[in-house]
Amino acid sequence: MLDFSLVAKYIPYLLEASLVTLEIAVLSIAIGLILGLFTALLRISGIRPLEAIARFYIWVTRGTPLLVQILLVYFGLPQLGIDIAPFPAAVLALGFNAGAYFAEIYRAGIQSIPKGQIEAAQSLGMGYPLIMRRIVLPQALRVSLPAMGNESITLLKDSSLASLVTVTELMMASQRFAASNYAFIEFYITAAVLYLVMTTFFSFILNRAEKRLSISDR
Amino acid sequence: MQSNALPNAEPIIKVINLHKSFGDLHVLRGVNMTVQPGEVVALIGSSGSGKSTLLRCLNRLETISEGQIIIDGIELNQSTKNINRIRREVGMVFQQFNLFPHMTVLENIVEAPIRVLKKSREEAVKTAMALLEKVGLADKKDTYPRKLSGGQQQRIAIARALAMNPKIMLFDEPTSALDPELVGEVLQVMRQLAREGMTMLVVTHEMGFAREVADRVIYMNNGVIEEEGPPEEVLTRPKSERLRAFLGHLK
């Protein structure tokens, strides 16, 4: 009844689609990390209007479904006269979404750094940008790394939503082959295994990074 | 110990009618104080008397509510430029050491000279090594702070502050977080510094140290200076009733 040999000849296509999934994930994580850092710095800037912008972005992004955001970017932007291809639309929406979550992770990390660290740096004549860059952020990143890892793995899985805006990533490919061969269990289980391989790979890299950062001072 | 204070020089610190409130809490209620170059001043008093707050106002870790602070001719005000100029001239040592845990001992010390004073790395390292020799920890240069005892961390913190070549050193209860057997090594470094003529303000509960090293003891109570003078007078023949009670408690 179950015939996994059927899957074999599709493996090259599925691997290729997995690569697209990885590309979406890595690019949107990169966007999220940069956008998140920027947002977190606004959020704790002490300047009211900037804080309000950051809070609004986080509130809207975390409070609405990712699917709605992806569909809005892909179908909404063309309606406003901005043409966007499926792949960049998916990356943009996912990155934008991740930015809000990363912002809160950064913020928690930054706020976990004892006030004495900042006072010591101030007493040495260091200004705010220097204190952030050299004293606070390097320590905050270590604190935030596990949470960032979780968020990255979530993002990798959420990249499957890109299939809904016609990006041929792993989910899209699996659906197509499953339907044409009428072999849903075979292809979806294969897809699940491929996702599992990718998330395990992510975890592995993150664990390595955590260990490396902790050797010296914890 | 012989005093290095220059009595006739222009005061290096002038505090005029300083007030500081935290919300409704009026912590400093009109402090007037001058410190001469090379003078060592011990600030004593019970917790909540305002002695730490006074110290923290001197390098603007606390904003001031009212009054004036003039350090080496520079008035402390809202301008950031002045604050950073003053912070470069005023070193501070904290109760909790506050070394940067993600940097080695050497990196802790050279960070500000390189980034703030724009010294070359080579020069900063040279100065840092000389300071590490001075505090007796040259062999720990590549160690991370967590691996060091409290006494060692505090000696590194002193070296870090000295690397900025400050004119004034502030010590905020530098030995209060230390195990008793580690207090001596930190006081030894401070004693040496005083001997070399550094202007020092030390918030402390170490009366032995105050008596031996300080040129002047200031007793603070309830946000004002209640009594001040040479240690042998203030600590042995206190005039104020409250100071007598305070000293009695310590014994």
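In this structure, A:Tyr13 places its OH atom where only 12 or fewer heavy-atom neighbours from other residues, nucleotides or ligands lie under 6.0 Å away. Heavy atoms from other residues, nucleotides or ligands lying under 6.0 Å from CD of A:Glu16 number 12 at most. Shown here is A:Gln79, whose CD atom has no more than 12 heavy atoms of other residues, nucleotides or ligands within 6.0 Å. Crowding of A:Phe38 atom CZ: a count of heavy atoms from other residues, nucleotides or ligands under 6.0 Å not exceeding 12. Counting heavy atoms of neighbouring residues, nucleotides and ligands inside a 6.0 Å radius, atom CZ of A:Phe201 does not exceed 12 of them. Under a cut-off of 6.0 angstrom, the local environment of CZ in A:Phe204 is sparse, with at most 12 non-hydrogen atoms contributed by other residues, nucleotides or ligands.
Considering OG of A:Ser123 and CE of B:Met164, their distance stands at 9.0 Å, rounded to 0.5 Å. Atoms CE and CZ, on A:Met126 and B:Arg115 in that order, are 8.0 Å from each other to the nearest 0.5 Å.
Nearest heavy atom pair, residue A:Gln122 against residue B:Arg87, reads O-CD, 2.9 Å. Residues B:His102 and A:Arg134 share a closest heavy-atom pair of NE2-O, 2.9 Å.
Looking at A:Leu124, the atoms closer than 4.5 Å to chain B (heavy atoms on both sides) sit in the backbone and in the side chain alike. Proximity to chain A (any heavy atom under 4.5 Å) is shown, for B:Arg60, by neither the backbone nor the side chain.
Contacts from residues 88-98 of chain B to chain A, taken as heavy-atom pairs separated by less than 4.5 Å, involve B:Val90, B:Met92, B:Phe94, B:Asn98 in sequence order.
Using modelled atom types, one side-chain atom of A:Gln117 and one backbone atom of B:Leu99 make a donor-acceptor pair closer than 3.5 Å.
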